[in-house]
Amino acid sequence: MTTYFDFEKSIQELDEQLQKAKQLAEKSKIDLAPTIKDLEEKILLEKKKIYGNLTGWQRVQISRHADRPYALDYIEHCFTDFIEQHGDRNVKDDKAIVGGLARLGNQSVMVIGHQKGRNTKQRQFRNFGMPNPEGYRKALRLMKLAEKFNIPIVTLIDTPGASPGLEAEERGQGEAIAKNLLEMSVLKVPVICVVIGEGASGGALGIGVGDKVLMLENTWYSVISPESCSSILWRSWDHKAKAAEALKLTATDMLQNGLIDGIIAEPLGGAHNNPEEMYATMKETLTQQIEELKKFGSEDLINKRIEKFSGMGAFEEV
Amino acid sequence: MSWFKRVKEGITTSTEDKKAVPDGLWHKCPRCKKAILASDHQANCYVCPSCKYHDKVGSAEYFEILFDDGICEELFAGIKPTDPLTFSDTKDYKSRLAESQKKSGLTDALRAATGNVDGMPLVVACMDFNFIGGSMGSVMGEKIARAIDYGREHKIPVMVISKSGGARMMEAAFSLMQMAKTSAKLALLAKDGIPYISLLTDPTTGGVTASFAMLGDFNIAEPEALIGFAGPRVIRETIGKDLPKGFQSSEFLLEHGFVDFITPRTELKSKLGQLLRLLANKPKESEQAS
């Protein structure tokens, strides 16, 4: 069963017609090939029309689609030899962040990502992809390990935010994220960060300081979710679509504002519509980026990374 | 029926007996309601002598409290906010800025200055909570970054005084990236071996907590300040329970190991002097062994 968004209603209707035509053709042995072909073309056109013109809020919805590939899906399909490493060596193993050594083509990499769940049970197990401090500390432990053995780092960002809770505060959620920001800015190995779904605030940035920060086409990255923004500024959740526009949180906006380094195209209809194509694009992009970054010495990498983030901001000076 | 009785005599004072008091001469503590002379309150670093309530004060007051004879040089005052996203909610960001600037007389929510604190040079970047909740936008990030650069260039320790609700929503991802920017700069400061002090005051939450505020070589807190990553309201809504007493207070953070020590504002300056001299391996001149 495909899940359609409100804005995909016309696609849904055409898809249903197509299914019926196919069924009818099979049953009655009537040659419906021209009709089917016609419908398929219409669907393609409609998809191109809708997906060529998405609003911020629509992209937020796509970024949260339950069938979208998650970090472990990318790890399974783009990498080989993955050995998951658990725990922060201090408190426990956070299930909202996964990571470990793997191979990308011929290159060993350390891959780390937020992990969400698909059904209720998994979602609870993964805490909805909201890490606790030990998740960020596990991530940092793995990054330092990669640095030690001169292995490039790939992070996959997909979180509705760092977990807000009693234990998170007791164990220093703020400190954990802050420490990662500082340490990541001076890692001696190439760091590539890709927003694969939701990029909510400090929870996302906590594994998001890299030489190349990329966003998939239908993802979002901002300081707050549109819902929370709406509830704070408009005092109600009803203005989330307006908030999504105001926050300029799409990949296109982020690139335009110089806050990310590039956009990775998704298959038509979103990553969930053709995961295989998405994995192929992801693998190719990561391979290319790592090759590119491996040319630089560590000092060069660090200087450029710090310079890039230092240049972010909009102000005037008199 | 005693609860119907007038307990407070003040209400019965007749109009002609009321004393006309010029505005600003008295300060009434918002917590214990005791009134003291405003000048005494100021002399006590804006701390209530009765209940020790630390009044929320801004950069002007902190600079006056900390710098010797109140003398300092303001840095990077020419950096002013813009509206990069033409952000508009119930009000547009441009008019929100203009309004805050008019009301506070400030350009944004942070000012940086350098001078001597108890005889020791220090760069201080201090937030102003009355400017859009002390929120961190591009200006705050840039000024902190430059304050750190200044410290590196002149080999002077850097202190940031935090008092903020977190990142400024109206600058969205620009605000978010200030966290990475300031933290990266702190990495450079650390590499140069220059001390960084973070003073956490009431309140310090959100993106400020999740970046430079928690990265001090010394994390110092004022007593009874609210310090946390997520705001208490958000946590309460998430867990569906009331929060334990004292949760996210300075004392709570001290107990859980995230603050080096708590110091009342009245002792802040001497404590900083002591700390800076220890770091510089330099005894106070008056205490030097002859």
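Values in this document were obtained by computation on a predicted structure and should not be read as measured data. We name chains A, B, ... by the order of the sequence lines, and we start the count at 1 in each one.
Atom NE2 of H256(B) and atom CD of E175(A) lie 14.0 Å apart (nearest 0.5 Å). Atom CE of M169(B) is separated from atom CG of L233(A) by 4.0 Å, given to the nearest 0.5 angstrom. Atom CD1 of I235(B) is separated from atom CD of Q173(A) by 9.5 Å, given to the nearest 0.5 angstrom. To the nearest 0.5 angstrom, F87(B) atom CZ is 5.0 Å from L247(A) atom CG. We find the CD1-NZ distance between I306(A) and K191(B) to be 7.0 Å, quoted to the nearest 0.5 Å. To the nearest 0.5 Å, atom CE of residue M214(B) and atom CG of residue L182(A) are 14.5 Å apart.
Counting heavy atoms from C-beta outward, T182(B) and L181(A) have side chains that stay 4.5 Å or more apart. You'll find the side chain of D89(B) stays beyond 4.5 Å of the side chain of C229(A), heavy atoms only.
Other residues, nucleotides and ligands contribute more than 12 heavy atoms inside 6.0 Å of the CD atom of E237(B). Heavy atoms of other residues, nucleotides or ligands lying less than 6.0 angstrom from NZ of K94(B) number 12 at most. More than 12 heavy atoms of other residues, nucleotides or ligands lie within 6.0 Å of NZ in K308(A), so this atom counts as buried by the packing criterion. Atom CD of E167(A) is surrounded by 12 or fewer heavy atoms from other residues, nucleotides or ligands within 6.0 Å. Heavy-atom neighbours of K80(B) NZ from other residues, nucleotides or ligands within 6.0 Å: above the threshold of 12.
Closest approach of R171(A) and F258(B) over heavy atoms only: O-CZ, 3.1 Å. In terms of heavy-atom proximity, T82(B) sits nearest to A314(A) at OG1-O, 3.4 Å.
When atom types are taken as modelled, the side chain of S138(B) and the backbone of G313(A) share no donor-acceptor pair closer than 3.5 angstrom. A distance-only check finds no donor-acceptor pair linking the side chain of K248(A) to the backbone of A172(B) [under 3.5 Å]. One N or O on the side chain of Q178(B) and one on the backbone of M312(A) form a donor-acceptor pair closer than 3.5 Å.
Highest contact tally toward chain A, considering only G257(B), A180(B), P84(B), is held by A180(B) [criterion: heavy-atom pairs under 4.5 Å]. Between chain B and the options E317(A), R305(A), R235(A), the largest number of non-hydrogen pairs under 4.5 Å is found for E317(A). Annotation: maximal heavy-atom pairing with chain B below 4.5 Å, among I224(A), V209(A), L166(A), occurs at L166(A). Between chain B and the residues S222(A), A243(A), S310(A), the most heavy-atom pairs under 4.5 angstrom are made by S310(A). Annotation: maximal heavy-atom pairing with chain B below 4.5 Å, among G199(A), G202(A), S185(A), A162(A), occurs at S185(A).
Put simply, the residue from E142(B), E171(B), K143(B) that forms a side chain to side chain contact (heavy atoms under 4.5 Å, CB included) with F315(A) is E142(B).
In this structure, the portion of V186(A) lying under 4.5 Å from any heavy atom of chain B is its side chain and not its backbone. No part of L253(B) comes within reach of chain A, as not one of its non-hydrogen atoms sits under 4.5 angstrom from that chain. In this structure, chain A has a heavy atom under 4.5 Å from the side chain of L215(B), while its backbone stays farther away. When heavy atoms are compared at a cutoff of 4.5 Å, L249(A) does not approach chain B at all. Contacts between T90(B) and chain A at a heavy-atom distance below 4.5 Å involve backbone atoms as well as side-chain atoms. For chain B, the nearby parts of L259(A) are the backbone and the side chain; heavy atoms of each come within less than 4.5 Å. Contacts of M254(A) with chain B are made by side-chain atoms alone, with heavy-atom separations under 4.5 Å and no backbone atom involved. In this structure, chain A has heavy atoms under 4.5 Å from both the backbone and the side chain of I79(B). Only the side chain of F252(B) has a heavy atom closer than 4.5 Å to any heavy atom of chain A.
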For this session: Given side-chain contact (heavy atoms from CB on, under 4.5 Å), test V223(A) with R168(B) step by step and report yes or no.
Result: CA-CA 8 Å; V223(A) 74; R168(B) 186 174 292 170; over 6 Å; no
